[in-house]
Protein chains: 2
Amino acid sequence: MSPDFHWDTLARNTAARLKRGASHANGKVVAAENIAALLHAVIESGDRVCVEGNNQKHADFLATALSKMDANLVHDLHIIQSNLALAAHLDVFERGVASRLDFCYSGDQGVRLARLIKAGKINVGAIHTYLELYGRYFMDLTPRVSLIAAQSADANGNLYTGPNTEDTPAVAEGTAFKNGIIIAQVNEIVDTVPRVDVPGDWVSYVVQAPKPHYIEPIFTRDPAQITETQILMAMMVIKGLYAPYGVTRLNHGIGFDTAAIELILPTYAESLGLRGKICNYMTVNPCPTLIPAIESGFVKGIHCAGSELGMEEYVRARPDVFFNGPDGSMRSNRVFCQIAGHYSDLFIGSTLQVDTQGNSSTATLNRITGFGGAPNFGSESRARRHVSYPWLKAGQEAAQATGATMPRGRKLVVQMVESFREKMSPTFTEKLDAWQLMEDLSLELPPVMVYGDDVTQIVTEEGIAHLHKCSNPQEREQAVRGVAGFTAVGLKRDQRVVDNLRDRGVIQRPEDIGVDVSLATRDLLAAKSMKDLVRWSGNLYQPPNRFRNW
Amino acid sequence: MSPDFHWDTLARNTAARLKRGASHANGKVVAAENIAALLHAVIESGDRVCVEGNNQKHADFLATALSKMDANLVHDLHIIQSNLALAAHLDVFERGVASRLDFCYSGDQGVRLARLIKAGKINVGAIHTYLELYGRYFMDLTPRVSLIAAQSADANGNLYTGPNTEDTPAVAEGTAFKNGIIIAQVNEIVDTVPRVDVPGDWVSYVVQAPKPHYIEPIFTRDPAQITETQILMAMMVIKGLYAPYGVTRLNHGIGFDTAAIELILPTYAESLGLRGKICNYMTVNPCPTLIPAIESGFVKGIHCAGSELGMEEYVRARPDVFFNGPDGSMRSNRVFCQIAGHYSDLFIGSTLQVDTQGNSSTATLNRITGFGGAPNFGSESRARRHVSYPWLKAGQEAAQATGATMPRGRKLVVQMVESFREKMSPTFTEKLDAWQLMEDLSLELPPVMVYGDDVTQIVTEEGIAHLHKCSNPQEREQAVRGVAGFTAVGLKRDQRVVDNLRDRGVIQRPEDIGVDVSLATRDLLAAKSMKDLVRWSGNLYQPPNRFRNW
């Protein structure tokens, strides 16, 4: 290296930025009306900027301020952000402030995102799962500036997140320890925070936003909308999977299908004598539909990636079950929840499309939604070494089918789908839309959510297909067709092969596992409405208004 | 639930313990001489206790105090601990204070551990990799009491770890947020900590230990011991793997083999014009043998799981490269380093035994060592979705070999071994000792470190075997035999098949990739001794005494 080479360019550059920022702040505290001036003082063109967009909590005030920056002064920002959920998250590109994007999930913004990509306004680096994007914060995508959100702060910058901690610790650590700048929007500035979620010496600035940060209740499902088909499938999952495998540690995806399982634990699973034998530990957000199972003593421990609006007081009153802090409120943490869930014994979730090898995707044409956490929960954990009964049993079954000589466990990855979705659109397809999407958007790979070779079972209203018990792709195809109902994929089954698979237990119909279809009625639901959930919670659960009809 | 059911049993029990503990503490501060009384006040029989035993840093004072507890009063503790490294970690079982163990790695204590298991003194739950044990802290193995170690604390319990943060944040979060009790031993109690690594409101007690906490320099390798065979293999790795795959993000295991790679980056890789094109980002501890590569501008960023004794001042002076805090010293974090490394593009490490399918293990008879982080770095990351050139290329090659129809990337997992180890013991074997160990210790599975189907390449002095390019187990076997040299495994090769594999590029000899064997001398090492490393560092690196011979 030449003698005038420096090893502290980031530190010196940061010092210069903080010096420019000082005139717009009172110590670390910035007035809301000064936020534009502060951002222009501390953000430089080309910066990698992490906008805290979690699954639920959003730094909406800061995201809006960022999107309104003067693109003549600051441009070509590289946004590295978990979730794109707000208009401002794309305005920043449309207005020319940012040009490059690495992200995890876009949800409702997926259509506009695809349009902006096609228009050349956004250059997408890659779509990630949560943990891999966090991992890159500590490798090649370290944030230069992070805009985060918390419940409260003190004048020293100590942050309190309350139950919606989510991504904050990962973002803050990746930024603070590479001389990055952290600006936190908070709902209130207080003398002393109830507990410290992010230490003040990691944080550069705090600003009290005019309104509390945006938060989205994405894990709430109204029991009134659960169908008898979903209840039948839930019975099959409990009797045909949770019971024989003895699944005590698991992760539930979002949706009415898994909500149905949760709501028949206190009734159907109880009648089978399964309390204490299944579903003891879950890694999942505090879904309101879990309340009856918790109150009935089914679920002993839950670690959460985020919180859920309205569940705050219920969670606070159940510290034996949730991970609550010394202040009494929960600390969620997406990193640890994703890790725990990855190494648990079972993931079950729904999807939009499944092909004949069991590959599944939520990608639909002209829309980029991304993956979130499902690929991590829903994939074989090959780094796992600790043994449990379900993991060993599934591994032995898989080895028996393929003739593998090295014994190894296997995670149970279950896809739970009805053969037809809304508007009689078939779930099963010969080819995923993801292939067309790859073409349209010039992606290197089709955006598959859960790969077929990671899936152990598909559960439909017609039965369970144990894909890990198939010896080859041909058998696997017939196992999928064999539970695909009256879809075109299902009708193309080879009935003789399917009958043979059923004889071998690769396909199981409800009657094969002793599930009485006539019991699959809404009477089995421990709670049939939002009001029932409130009642089960002893009035601690306070649903958001849009879920109240009383 | 019955009306007198409680949901805060942990919180009430903790309050009772803290009340008992209060008389042995001054606020949160405990005098060293009161530690036995404190432990007897706050630990109860049957507790799950996490003793902070990291890869390097150890809560040795607290571990010793725990092992000396009165087993008549407190017994049947369940120890959940990453690393067993000190005699006290096993004394606690020998003395009957603890009876159950879940852990990751035992190293030098492996022989005694196996003996205590056979004697019925220790009931082992499971052996884990780091991330899965941390994951279980948030699921079914949450600590009731954690004994941790830090550099300093203030009277409010705020902890400063300095560069050896390691597991502390994971242990502290898992404990503090389930009403657990955290006792921290620190080297000093100060008015104000240089930065906050663990917030004080998470911590129950701090005690200044009579001596600074134990710390082990496990990543230091003396360049003087690197052999010409290792240099030849290192050349093959750079020219045959890093260059063609364009590997910019990677993880190096511990050992002289990977140290050789690091030490020829500034010479050999530089001569190939590879600076800036390979090894830009690493997830690895601050190995002293990386100094010349850093100084030469090869490695731009390094995130560390832990620190390394003697590297503190060098790391402090290179904030552009390492993750240093506002106080100037590094914050290591095993969780984020393991996550980043799992999703990087390549892992390369050594091992003790490799079988004919490429399965490898460091387990040897009568010794339980465990896995540490290698299975996580050295396994296919099936939850990964972001695309990079090396990942895509390896995936395409694998799909071509197996005829897979769903395109997917592939992590490069490389095992770098000489065909014979010390004392002419062959590295390659028809059957791993792990199988015998399974029998002897009644394990459910053989303790395999890296599974063959996760391995893409084996590099020996004879060449590179690209296992991911093999179409079936028979080819894979011959590819392994084809680089196994003069071991019995190597001699049993089918020469015609091996020649065919070489023609197809599945096996590559040094001359096939343009590696000039005559250049493989110690002249290629950028540093040939510890003193050279010190010189490269501008005297910032201060090797521990045992590595100094001047």
Side-chain angles (χ1 to χ4, degrees), chain A residues 1 7-11 126-129 131-132 134-135 138-140 173 176-179 195-196 199 201 249 281 283 295 297 301 303 317-320 323-326 331 333 336 339-340 342-344 357 359 371 375-376 379-380 382-387 392 406-408 444-445 451 454, chain B residues 1 7-11 126-129 131-132 134-135 138-140 173 176-179 195-196 199 201 249 281 283 295 297 301 303 317-320 323-326 331 333 336 339-340 342-344 357 359 371 375-376 379-380 382-387 392 406-408 444-445 451 454:
Chain A
M1 288 289 132
W7 295 98
D8 58 349
T9 52
L10 291 174
I127 313 178
H128 305 75
T129 58
L131 282 185
E132 64 180 308
Y134 306 151
F138 297 87
M139 199 160 44
D140 57 334
E173 181 154 350
F177 291 89
K178 202 82 186 231
N179 278 297
R195 73 169 188 246
V196 177
D201 51 15
R249 310 177 307 168
Y281 298 98
T283 52
E295 296 297 305
H303 187 269
R318 298 290 179 270
D320 284 353
F323 281 75
N324 296 351
R331 173 155 158 136
N333 189 323
F336 287 120
I339 291 173
H342 183 65
Y343 292 109
S344 75
Q357 287 299 310
N359 298 296
F371 306 114
N376 180 58
S379 68
E380 175 57 2
R382 295 178 77 89
R384 175 173 166 173
R385 294 295 181 271
H386 82 275
V387 167
L392 209 53
M406 176 55 78
R408 198 166 177 176
E444 285 102 338
L445 297 174
Y451 285 96
D454 280 326
Chain B
M1 289 290 133
W7 296 97
D8 58 349
T9 52
L10 292 173
I127 313 178
H128 306 73
T129 57
L131 281 185
E132 63 181 307
Y134 306 149
F138 297 88
M139 199 159 43
D140 56 335
E173 181 154 350
F177 290 89
K178 202 82 185 236
N179 277 297
R195 74 170 187 247
V196 177
D201 52 15
R249 310 177 306 167
Y281 297 98
T283 52
E295 296 298 304
H303 187 269
R318 299 291 178 268
D320 283 354
F323 280 75
N324 296 351
R331 174 157 158 133
N333 189 323
F336 287 119
I339 292 172
H342 183 66
Y343 292 109
S344 75
Q357 287 299 309
N359 298 297
F371 306 113
N376 180 57
S379 68
E380 172 60 0
R382 297 179 75 88
R384 176 173 165 172
R385 293 294 181 272
H386 81 275
V387 168
L392 210 53
M406 174 57 76
R408 198 167 178 176
E444 285 102 337
L445 296 174
Y451 285 95
D454 281 325

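Since this is a predicted model, take the numbers as computed values, not measurements. Just so it is clear: chains get the letters A, B, ... in the order the sequence lines come, proteins before strands, and each one is counted from 1.
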Enquirer: Please tell me if the side chains of V196(A) and V196(B) come closer than 4.5 Å, counting only heavy atoms from C-beta onward.
Expert: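 No. Closest side-chain heavy atoms not under 4.5 Å.
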
Enquirer: Could you label the plane-to-plane angle of the F138(A) and H303(B) rings as parallel, tilted or perpendicular, counting under 30° as parallel and over 60° as perpendicular?
Expert: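 The arrangement is perpendicular - the two ring planes meet at more than 60°.
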
Enquirer: Taking side chain as everything from C-beta outward and backbone as N, CA, C, O, which of these in T9(B) sits under 4.5 Å from a heavy atom of chain A? Side chain, backbone, both or neither.
Expert: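 Contact with chain A: backbone and side chain both.
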
Enquirer: Between M406(A), H128(A), R318(A), which has the largest tally of heavy atom pairs under 4.5 Å with chain B?
Expert: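 Looking at each of M406(A), H128(A), R318(A) in turn, R318(A) comes out on top.
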
Enquirer: Taking the side chain as everything from C-beta on, heavy atoms only, tell me whether H386(B) gets closer than 4.5 Å to F371(A).
Expert: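 H386(B) vs F371(A): side chains apart.
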
Enquirer: Please report the interatomic distance CE(M139(B)) to CZ(F323(A)), rounded to the nearest 0.5 Å.
Expert: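 Taking CE in M139(B) and CZ in F323(A), the distance rounds to 9.5 Å.
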
Enquirer: Measure distances from D140(B) to the heavy atoms of chain A and classify the residue's part below 4.5 Å as side chain, backbone, both or neither.
Expert: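 When you check distances to chain A, atoms from both the backbone and side chain of D140(B) fall under 4.5 Å.
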
Enquirer: How close do A176(A) and P326(B) get, counting heavy atoms only, and between which atoms?
Expert: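 For A176(A) versus P326(B), the nearest heavy atoms are O-CD, 4.3 Å.
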
Enquirer: Which atom names give the shortest non-hydrogen contact between G135(A) and A340(B), and what distance separates them?
Expert: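 What the structure gives for the nearest pair is O-CB, 3.3 Å.
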
Enquirer: Which region of L10(A), side chain (C-beta onward) or backbone (N, CA, C, O), has a non-hydrogen atom less than 4.5 Å from a non-hydrogen atom of chain B, or is it both or neither?
Expert: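 It is both, since atoms from each part get that close.
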
Enquirer: Would you say the side-chain atoms of D8(B) pair up with the backbone N or O of P319(A), donor to acceptor, closer than 3.5 Å?
Expert: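 No; zero donor-acceptor contacts below 3.5 Å.
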
Enquirer: Please give me the minimum heavy-atom distance between V387(B) and E444(A), naming the atom from each residue.
Expert: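 Shortest heavy-atom contact: CG1-CD, 3.9 Å.
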
Enquirer: Can you tell if the side chain of R385(A) reaches within under 4.5 Å of the side chain of I127(B), non-hydrogen atoms only?
Expert: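 Not in contact.
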
Enquirer: Is the shortest side-chain heavy-atom distance between R331(B) and E173(A) below 4.5 Å?
Expert: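 Counting from C-beta outward, R331(B) and E173(A) do come under 4.5 Å.
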
Enquirer: Is a donor on one side and an acceptor on the other found under 3.5 Å between the side chain of N179(B) and the backbone of D320(A)?
Expert: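 A pair under 3.5 Å: no.
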
Enquirer: What residue in I339(A), N333(A), N376(A), L445(A) has the most heavy-atom pairs under 4.5 Å with chain B?
Expert: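 Counting heavy-atom pairs under 4.5 Å, the top option is L445(A).
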
Enquirer: Go through the atoms of L392(B) and report whether side chain, backbone, both or neither lie under 4.5 Å from a heavy atom of chain A.
Expert: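 Only the side chain of L392(B) comes within 4.5 Å of chain A.
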
